[in-house]
Structures are given as C-alpha cells and as structure tokens.
Amino acid sequence: MMKKPETMSQKESLLGRSVSQILELLQPLGEPEYRARQIYKWIHHHNVDHFQEMSNIPKSLRSILSDHFQLKTLQLAQKTEALDRTEKYLWKLADHRMVESVLIPESRRNTICISSQVGCSLGCQFCATGTMGFLRNLTPGEIVEQVLQVKKLSRHTLTNVVFMGMGEPLINYQRTIQASQILGDPEGAAIATKKITISTSGVVPKIYQYTDEAHHYGLAISLHAPEQKLREKIMPIAMKFPLDELMESVRYYMRAKKRNRVTFEYVLLSGINDSPAEARQLISLLSPFRCKLNLIPCNQNNLGFHPPAAEHLDKFIKTLLNAPFAITVRKNRGEDITAACGQLAVEVQEKAIFMK
Ligand code: SF4
C-alpha cells in the first residue's frame, strides 16, 4: 500500500510525468497500463485541475490519488496585459521562487514564451534574468504547467511554444526534452511538434546531442553578435563555446535535418551591434545556412542598453536586404508591462529582497 505523506506540501505532482512514470507510481496499487494512460491524458490533454474530474477513473482510485498526489503547483502571482495585448504571467512556485511566461498574440499565431530555469547562469549582459544568477532548474511539470495554465487563463488560443523565457533550456536538457515530449504529444498538450521551438544561446555539446537524438522541435540560436570578440563581450558563454564551434554545430544540425531551417535571434542593442558593418558580417556568417534571421530591438531596460533609433534600424535592415535568407523584425512587445526576458520576475524578486 502507498505510504501517505504527512503534509500536503510533500505530495508529489503527477503533472509533467510520462505514462510509464505514472504507471511506476501506481505500481503498489496494481493498476494496469491503460489506467496510467487515462490519468496522463486527463492531466495533460483535458487539463483538469482536480482528480475528481477524471470521470472514467473509479471513484475509489480518484480518492487515493488525491490523498497521495497533486496536479498543478504554480500559483498565479500576477497577470498583466499590455496595450498591444501581450500577456505576462508571473508564477509563484511551491518553493516561493518566481518565474514568468509571456503570451504574444499575433494575427495568425499566438506564441507562449516559457521559462526553463529560475534565473540563469549564463549572464548575458543585456538580460534581466542574467543578473539574478542561477537559482534552480524547473521540473518538466513546472515547464508544462505554464502552458496548461495559460491555455485556461488566456482568451487567446495557443498555437506556438518557444523556450525563450527565463533560463537556458539546453542546460536543463532532459527536463526540457521531457516537457517538449508532453507538450507535443497528441494525447498530451497536443501542440504541433513543429510549433515548439527550443531556443539556445549556444550550448554546443547539447546541440550535437539534440541532433543525434533526432527530435522534431524547432531550434533557434540566440546569436546577438556576428563575430567572436563582440559576442564574448555581451554573452560570456561565447568564451566557453566560441562562435566558429557554435556555427559548426548548427551546420551538423542542418545536415542531419535536411528539410529544416534554423532561426537565428539577434537582439539589437543601440551602439553595440546595430551598425551596417555588423549587418554585413551577418550576411557573410549566415549566407551558407537555410535560415531566418529574427531581429529584435531590445526593450528599454535599466541595464544600460537601448533599442536602436529608427534611422539606425532602417540602415541596418537596408544593408541586409540583399541577404539570401529571410529576415523578420519583431516589434517591441509589452514594454509597458516589462515583458522582456525575465524582467518582471527580476523586478518582483528584487522588491521581495528589498522588503525583507
Ligand atoms: S539571455 Fe537567456 S541565456 Fe542569456 S542570461 Fe538571459 S536567460 Fe540566460
């Protein structure tokens, strides 16, 4: 018989667990595999909040489950909506740490940007999360739950998921992959796998591992500088994994994924990486790749970085016009609600520290 935990807080969550992991937990009860599959589907596909809603599970088992386990563990601490309809969700985790998710509604898709870690060890100079340092990895359940909760709380229908919130997903590799498997599973959260994108700042060995394991999620590279010296200056990870090694790993990924293209993200920082010279360097760096370059003028923040002035942005884009790859320019989203990477969670945690 299962041993009952002494307090509620000791209950483990079933959210974010695979069918076989749920089956393993049910082993003392002698439940068959199909029962674990039903429970998995209720949690991740039907997105229930309580075991009692699982109508095809016997009542006695539902009671045992709610005595021993829990489902959702993220508490909504704050939801804000910007003038451009961007929605920002701040979550309080069971250990009282904070993470955030951002929903970006557009005309043809609604993308949720989710977090994979609390804080981040990589310290990119322009990133609010980087100033927090690394606090801990999120579990697969905490990653998947951001999507499940926003599915219920937002008036927009989610179509795309991108791991571009707090943290570096490829450092939290196994949990990121397990969460993606549940998100992309038709019996799970049922997001199309090609609409799930894992965005990395360039953890080279994990890009090789990801390629060798033949996952079908999209891959985006946070590039932010077209040459090594500048990249090192704004992204310390470039000292460990230099730009040429990063591009070699992307080449390896592209060769293995014949039909795919890769996305490069480039945050534009005024006076740092937004001159026509950098645009020309980008053309020679990226031309050999089937790729898309996504330009993101940085949000106004208190880290000393500014978005390029309109005429600089214009010049930068004009220099890129002859590039043989697609270019998109992301509008600044949610500036009135501090919706850039990790900004809100950092503000709230700083306030909390200040109040102690
Ligand atoms: S940009 Fe991403 S990788 Fe860099 S510090 Fe921020 S969260 Fe970490």
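Just so it is clear, the structure is predicted and the values come from calculations on it, not from any experiment. Just so you know, ligand 1 is whichever comes first in the structure, and atom 1 is the first atom listed for that ligand.
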### Message
Tell me whether Lys72 is salt-bridged to Glu145, with the criterion being a basic N under 4.0 Å from an acidic carboxylate O.
### Response
no

#### Entry: Spatial distance of atom OG (Ser18) from atom CG (Asp185) [nearest 0.5 Å]
10.0 Å

### Query
When you measure from atom 2 (Fe) of ligand 1 to each heavy atom in Gly167, Gly130, Ser222, which option holds the nearest one?
Gly167

### Task
Might you confirm whether atom CD of Glu53 has over 12 heavy atoms from other residues, nucleotides or ligands at distances under 6.0 Å?
yes

### Presence of N, O or S from Cys120 under 2.8 Å of atom 4 (Fe) of ligand 1
no

### Query
Hey, which atoms in ligand 1 end up nearer than 4.0 Å to a heavy atom of Gly123?
5 (S)

### Task
Answer yes when Arg155 and Glu81 have at least one side-chain N-carboxylate O distance shorter than 4.0 Å, and no when they do not.
yes

